Amino acid sequence: MARDHGFHPVRIKRVIQETPDARTFVLDAPFSYRAGQFLTLRICGTLRSYSLSSSPDADDEPATTVKRVPGGLVSNWMHDHLGPGDVVESTLPAGVFCLRESDAPLVAFCGGSGITPIMSLVKSALATTGRRVRVLAADRDADSVIFASALAELAGRHPGRFEIRHHLDAEQGLVTEAEVRAFAGGDLDADFYLCGPAPFMDLVERVLLDLGVAPERILVERFEQAAADDEPAGEETGGTVTIVLNGRRHTVPQHSGESLLESARRAGLAPPFSCEAGNCATCIAQVTEGEAKMRVNNALDEDEVADGWVLTCQGEPVTPHLTVVYDD
Ligand SMILES: Cc1cc2nc3c(=O)[nH]c(=O)nc-3n(C[C@H](O)[C@H](O)[C@H](O)COP(=O)(O)OP(=O)(O)OC[C@H]3O[C@@H](n4cnc5c(N)ncnc54)[C@H](O)[C@@H]3O)c2cc1C
Ligand code: FES
C-alpha cells in the first residue's frame, strides 16, 4: 500500500509550558500513531522532526514537546510564535523507535529532550502490557526536568512496576559508566531504549554491549543532525542516477561514495532533507529501478524498505543504473 509521506495542516490546540525552555504543543490531529514515533514539521520552509510525547494508549490528544536549542531556528520560532489556533504543516507519524512484542522489562536511558519519545513508550507499556518499566533520566538541573510531576505520578500509580531515577548533572556531574552498569543491573534481558545527546547514548550503548546485552535489544533514537560534509564526490563509476522530482526526470553520472541526496544536489535540484544523518525520513524517496543500500537507517521500517523506500541522505547505488522518485 502506498504510504503518505506528504504534509498536512495540523492545528495547535493548547500549549503547555513544561520547563523554562520546553513546551508541549497539543495537536488537533486525528491521525493514528505508535508510541515512540515522530512528526516532521515544515516551519517557515524548514523541516524538523519532533517526537510525539503523548501515548496513543493513554492520552486522548497527540502532543509533541519541543525544547529550545540555543540559537536554533525552528525550536525557538515554535516557542516564540506558535499558540492555540495556529496551523503548522506536518507529515503523518513515522519512525521505528517503538515497542516490540515482548514480556521483557523495558529499561530506558534518556537525556534532556530525549524524554519525549520515552514518555510515550512508558505510558503505552504501562497501559497495554504487564512489563516492568525503569527509566534513568539525565538532566542539567532540577529546573530542566521535563515531565517531572507526570513521571512521579506514574510511579505512584504503578508501585513495584515503574521506577523513575533522576540524574542531575549540576549535583552529580555527568552520567558515568558505573552508574549505567548499576542501573542496567540484573535486567540484561530487557529491551533498552536510548534517547539523548550523542555522547550520552554512545556511553550507554557501549556499557550495555560490554555487559553482554544483545545488540537487537538496544533501540536508539538519535535527534542530532549531521555535521557539514565537505568531502568531494568520488570517481565517476560509469553508471547513472536518475532523479524524479516534481514529476521531472534528471539524470547525472553516478559517483562512488555519493548519496542519492548529494547526486540530486549535483543535478541542481533542491529535494527535501533535514538531519542528513538517517534519523528523520524527511529525505525519503522510492527506488523504482536498480537498488540502493543505506549507510544508516534509523527511520524506515522493514516494509518500507522492502517497498523500495530509501533515505536518500544515506542511500548509495549498488547497481550501475538507478532511478529514485520523490513524492510530489
Ligand atoms: C527523529 C527526531 C525526533 C526529534 N524529536 C525531538 C523532540 O521530541 N523534541 C525536541 O526538542 N527535539 C527533537 N528533535 C530535534 C529537532 O528535530 C531539532 O533538531 C531541534 O529542535 C533543533 O532544531 P533548530 O531548528 O531549533 O536548531 P538548528 O537551527 O537546526 O540548529 C542550531 C544549532 O544547534 C545545533 N543542534 C541542532 N539540533 C540539536 C539538538 N537536537 N540538540 C543540540 N544541538 C542541536 C546545531 O548543530 C546548530 O549549531 C528530534 C529530531 C529527530 C531527528
Ligand atoms: S535527512 Fe533525515 S533521514 Fe535523511
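Counting begins at 1 with the first residue of the sequence. Note that the coordinates shown come from a computational prediction; the quantities given were computed from them, not determined experimentally.
- At a cut-off of 3.5 Å, with distance as the only test, a side-chain donor of Tyr326 or Thr312 sits close to an acceptor on the other residue.
- The minimum heavy-atom distance linking Gly290 with Thr319 is given by the pair CA-OG1, 3.3 Å.
- Side-chain N/O atoms of Thr251 and Thr240 include no donor and acceptor closer than 3.5 Å.
- For the pair Glu61 and Lys13, the salt-bridge criterion is met [side-chain N within less than 4.0 Å of a carboxylate O].
- For the pair Arg48 and Phe38, the NZ or CZ position fails the cation-pi test of under 6.0 Å to the six-membered ring centre and within 45 degrees of the ring normal.
- Considering only heavy atoms from C-beta on, Arg266 comes within 4.5 Å of Glu258 through its side chain.
- Between Leu211 and Ala184 the shortest heavy-atom distance is CD1-CB, 3.9 Å.
- The side-chain hydrogen bond (donor to acceptor under 3.5 Å, both in side chains) check on Asp86 picks up nothing, with sequence neighbours excluded.
- For Asp80, the CG atom is densely surrounded, since the number of other residues' heavy atoms within 6.0 Å is greater than 12.
- Glu289 and His321 form no side-chain donor-acceptor contact under 3.5 Å, judged by distance and modelled atom types alone.
- Formation of a donor-acceptor pair under 3.5 Å by the Gln286 side chain with backbone atoms of Asp307 is found in this model.
- With no hydrogens or angles considered, no side-chain donor-acceptor pair links Gln314 and Arg295 at under 3.5 Å.
- Nearest heavy atoms, Val296 versus Leu311: O-CD1, 3.8 Å.
- Ser53 and Thr65 form a side-chain donor-acceptor contact under 3.5 Å, judged by distance and modelled atom types alone.
- Considering only heavy atoms from C-beta on, His167 stays 4.5 Å or farther from Val145 through its side chain.
- Between the side chains of Asn76 and Arg68, at least one donor N or O lies within less than 3.5 Å of an accepting N or O.
- Counting only distance, with no hydrogens or angles, the side chain of Ser120 and the backbone of Ser54 share a donor-acceptor pair below 3.5 Å.
- Residue Asp141 qualifies as enclosed at atom CG: its count of foreign heavy atoms under 6.0 Å is above 12.
- Arg134 places a side-chain N or O within 3.5 Å of a backbone atom of Phe183 that can act as its donor or acceptor partner.
- Of the possible polar contacts, one joining the Glu304 side chain to the Asp301 backbone as a donor-acceptor pair under 3.5 Å is found.
- For CD of Gln17, the number of neighbouring non-hydrogen atoms (other residues, nucleotides, ligands) closer than 6.0 Å is greater than 12.
- Side-chain contact of Ser256 with Glu235: a donor-acceptor pair under 3.5 Å is absent, judged by distance alone.
- Proximity of a side-chain donor or acceptor of Asn246 to a complementary backbone N or O of Arg248 within less than 3.5 Å is not detected.
- Salt bridge annotation for Glu179-Arg181: absent, with no cationic side-chain nitrogen under 4.0 angstrom from a carboxylate oxygen.
- Across all their heavy atoms, Val213 and Ile218 have their closest contact at CG1-CG1, 3.8 Å.
- For the pair Arg265 and Glu276, the salt-bridge criterion is met [side-chain N within less than 4.0 Å of a carboxylate O].
- A donor-acceptor pair is defined here as one N or O able to donate and one able to accept, closer than 3.5 Å; such a pair exists between the side chain of Asn279 and the backbone of Arg222.
- The neighbour count for Arg100 CZ, taken as heavy atoms of other residues, nucleotides or ligands under 6.0 Å away, is above 12.
- Within the 4.5 Å cutoff, no side-chain heavy atoms of Thr46 are placed close to those of Arg42.
- To the nearest 0.5 Å, atoms SG (Cys110) and CG (Asp139) are separated by 7.5 Å.
- With 3.5 Å as the limit, one finds a donor-acceptor pair spanning the side chains of Ser124 and Asp57.
- Residues Thr40 and Ser49 have side chains that bring a donor and an acceptor to within less than 3.5 angstrom of each other.
- No side-chain heavy atom of Val204 sits less than 4.5 Å from a side-chain heavy atom of Leu136.
- When Asp191, Asp187, Asp189 are each tested for a salt bridge (Lys or Arg N to Asp or Glu O under 4.0 Å) with Arg132, only one passes: Asp187.
- Ring geometry for Phe109 against Phe192 counts as parallel: the plane angle stays under 30°, on a 0 to 90° scale with 60° as the upper cut.
- A cation-pi arrangement is absent between Arg14 and Phe25 under the rule of less than 6.0 angstrom and at most 45 degrees off the ring axis.
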